[in-house]
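Before any comments, here is the structure.
Residue numbers count from 1 along this sequence. These numbers come from the heavy atoms of this one structure, side chains and all, not from hydrogens, waters or symmetry mates.
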Amino acid sequence: LSFTTYFFIGNINSFFFEMEIENEIQYLIKNPEQLSQTNPQKIIFYLESKLRDNPNDLEGWKLLARTCLITGYNQKAELHYTNALKHFPSNDSILFEYAVLKKNTNQINSALKLLNKVDILKTKNINLISLFFDLLVTTKNSDILSKKMHSFLKNENFNLKIKHKIESKYKLN
């Protein structure tokens, strides 16, 4: 009875929606110049369904969160960054992008909390370090800034020129 009712009242295309999006995405892969004409919500739906099947796809999570962010779905982007961190809890690029989102939505302390998860001695992401120091200066956490700066100066992933540039930008008292 419900199938008959849906057949006459509903939209039969909804049964094939996911397959249609899959075909559209495959078309876009072959014709990337058509991307600007695609509804971003379809891309978001496609990525969400793919990540349900394979949640260990780091690039998929980043692409999904970025797409949500670009299209103005900040809450959805936040949800997807949170889900990505469940699978990749110490990934520098996810932590950095999520912290930028938090900073841009005036959640400075939340951004700092995210960046505190990064090991300053091991990271190679200079943008992450700069953001972290900027946030510490903004919140006037000079003690933590001093400790993190000393840790950063021990980081072997950066040459002396970069270290001196960062050190001079965030002068220690």
Would you say that [X] contacts [Y] through its side chain, given a criterion of any heavy-atom pair below 4.5 Å between the two side chains?
X: Lys169; Y: Asp134; value: yes
X: Leu145; Y: Lys147; value: no
X: Lys148; Y: Asn116; value: yes
X: Cys68; Y: His80; value: yes
X: Lys76; Y: Glu48; value: yes

For the [atom1] atom of [X] and the [atom2] atom of [Y], what is their distance to the nearest 0.5 Å?
X: Tyr46; Y: Leu51; atom1: OH; atom2: CG; result: 10.0 Å
X: Lys165; Y: Leu160; atom1: NZ; atom2: CG; result: 14.5 Å
X: Leu121; Y: Glu156; atom1: CG; atom2: CD; result: 9.0 Å
X: Ser90; Y: Leu95; atom1: OG; atom2: CG; result: 7.5 Å
X: Ile70; Y: Thr67; atom1: CD1; atom2: OG1; result: 6.0 Å
X: Ile144; Y: Phe133; atom1: CD1; atom2: CZ; result: 12.0 Å

Under 4.5 Å between side-chain heavy atoms, hopping through other hydrophobics if needed: is there a path connecting [X] to [Y]?
X: Val137; Y: Ile126; result: yes
X: Leu58; Y: Leu101; result: yes
X: Leu79; Y: Leu47; result: no

Between [Y] and [X], do the side chains contain a donor N or O and an acceptor N or O under 3.5 Å apart?
X: Lys62; Y: Ser93; result: yes
X: Asn141; Y: Thr139; result: yes
X: Thr82; Y: Tyr98; result: yes

According to salt bridge (Lys or Arg N to Asp or Glu O under 4.0 Å), does anything in residues 91-110 pair up with another residue at least two apart or in another chain? List the pairs.
Arg66-Glu97, Glu78-Lys102
Quick check: closest heavy atoms across [X] and [Y], and the distance to 0.1 Å?
X: Asn91; Y: Ile94; value: OD1-N, 3.0 Å
X: Ile166; Y: Ser130; value: CD1-OG, 3.4 Å
X: Trp61; Y: Pro55; value: NE1-O, 2.7 Å
X: Leu135; Y: Ala111; value: CD1-CB, 3.7 Å
X: Ala99; Y: Leu114; value: N-CD1, 3.8 Å
X: Leu128; Y: Phe96; value: CA-CD1, 3.5 Å

For this output row, return yes or no: ring centroids of Phe158 and Phe152 closer than 6.0 angstrom.
yes
Report yes or no: does [X] contribute a side-chain atom to a donor-acceptor pair with the main-chain N or O of [Y] at less than 3.5 Å?
X: Lys124; Y: Asn157; answer: no
X: Thr123; Y: Ile120; answer: no
X: Ser146; Y: Asp143; answer: no

As a quick check of understanding, evaluate side chain to side chain contact (heavy atoms under 4.5 Å, CB included) for Asn155 and Lys122, giving each step before the final call.
CA-CA 6 Å; Asn155 186 326; Lys122 294 181 181 175; over 6 Å; no
Kindly indicate, with the supporting measurements, whether the criterion side chain to side chain contact (heavy atoms under 4.5 Å, CB included) is fulfilled by Arg52 and Ser49.
CA-CA 5 Å; Arg52 251 186 278 132; Ser49 66; 3.9 Å; yes
